[in-house]
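In what follows, a structure is listed as structure tokens, so that the remarks can point back to it.
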Amino acid sequence: MDKAEELRIIDDMQAVVAQMKADDIEENPDCEFEVFDCQCCGEEKSIAGSVVYDGIRLCNDCVLFAETGFALGKIKNIQDLITGMEDKKLEAQCNFLKQEETGLNN
């Protein structure tokens with residue numbers, strides 16, 4: 001697969017995943033403000049556009065990574081993505097702990 005084909009796939013996936021989020025919000029406007037902790041990136045994200053893969057809920061941003069990774073043949077299953085995102089998840093958890101600590105000290 002050449003670079004132009006990869007870029008086309010990425011553009012297509014961005015449009016599809018953005019539409020998934022928009023469709024969720026259209027169906028249930030409140031879902032835009034419902035949040036959960038993404039099991040992939042570790043960040044608190046909107047449930048709108050999230051997807052459950054093998055019992056693991058991913059935020060819309062991680063869905064984009066997953067679907068693009070699948071389309072490009074970079075990942076074979078969702079666990080590949082989760083493993084690749086471990087550093088980002090750890091960073092999110094550390095930032096959360098820092099915020100909690102700062103809140104306790106004020």
Side-chain angles (χ1 to χ4, degrees):
M1 177 178 322
D2 68 1
K3 206 61 153 166
E5 180 67 12
E6 287 181 356
L7 290 174
R8 186 194 62 73
I9 288 171
I10 292 168
D11 286 344
D12 289 349
M13 288 298 116
Q14 288 174 328
V16 167
V17 172
Q19 187 61 51
M20 289 169 53
K21 185 174 185 175
D23 289 347
D24 282 357
I25 293 169
E26 184 178 324
E27 285 179 30
N28 178 9
D30 292 337
C31 77
E32 183 176 12
F33 306 104
E34 287 181 51
V35 295
F36 74 104
D37 290 330
C38 177
Q39 293 174 280
C40 187
C41 69
E43 295 181 20
E44 187 176 85
K45 297 288 188 94
S46 168
I47 198 130
S50 65
V51 174
V52 176
Y53 296 88
D54 299 327
I56 301 169
R57 182 171 294 279
L58 273 59
C59 68
N60 191 254
D61 294 333
C62 290
V63 169
L64 176 59
F65 292 137
E67 293 301 326
T68 302
F70 291 139
L72 295 174
K74 303 287 184 186
I75 61 172
K76 293 182 174 78
N77 56 54
I78 211 62
Q79 193 58 48
D80 289 345
L81 178 62
I82 290 171
T83 299
M85 296 282 287
E86 284 178 349
D87 287 345
K88 182 167 178 45
K89 185 175 182 178
L90 181 60
E91 180 181 345
Q93 290 169 338
C94 288
N95 287 337
F96 174 78
L97 291 174
K98 287 178 189 175
Q99 290 172 355
E100 287 293 310
E101 184 177 289
T102 301
L104 291 174
N105 291 329
N106 288 333

**Prompt:** What are the two closest heavy atoms between M1 and A71, and how far apart are they?
**Reply:** CE-O, 4.3 Å
**Item:** For C31 against S46, the heavy-atom pair lying closest together
**Value:**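 In this case the closest contact between C31 and S46 is O-OG, 3.3 Å.
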Distance in Å, [X] [atom1] paired with [Y] [atom2], rounded so as to fall on 0.5 Å steps:
X   : Y   : atom1 : atom2 : value
D12 : L7  : CG    : CG    : 11.0 Å
I78 : F65 : CD1   : CZ    : 12.0 Å
E86 : C40 : CD    : SG    : 9.5 Å

Sub-4.5 Å side-chain heavy-atom contact between [X] and [Y]:
X   : Y   : answer
M13 : L72 : no
N60 : K45 : no
C38 : E43 : no

Transitive ILVMFWY side-chain link [X] to [Y], under 4.5 Å:
X   : Y   : result
V63 : I25 : no
F70 : L81 : yes
V16 : I75 : yes
I10 : M85 : yes
V35 : L64 : no

**Request:** May I ask you to check whether over 12 heavy atoms, not counting those of E26, lie within 6.0 Å of atom CD?
**Result:** no
**Request:** For D54, look at atom CG and say whether over 12 heavy atoms of other residues, nucleotides or ligands are found less than 6.0 Å away.
**Result:**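 No, not enclosed.
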**Message:** Looking at I9, is its backbone amide N or carbonyl O close enough to the side chain of T68 to form a donor-acceptor pair, meaning the two atoms are under 3.5 Å apart?
**Reply:**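 No, the answer is negative, given that no donor and acceptor are paired below the 3.5 Å cut-off.
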**Prompt:** Quick one: which of E67, M20, R57 gives a side chain to side chain contact (heavy atoms under 4.5 Å, CB included) with V51?
**Reply:** M20
**Message:** Side chains of Q39 and Y53 only: does a donor on one sit below 3.5 Å from an acceptor on the other?
**Reply:**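 Side-chain D/A pair, Q39 to Y53: absent.
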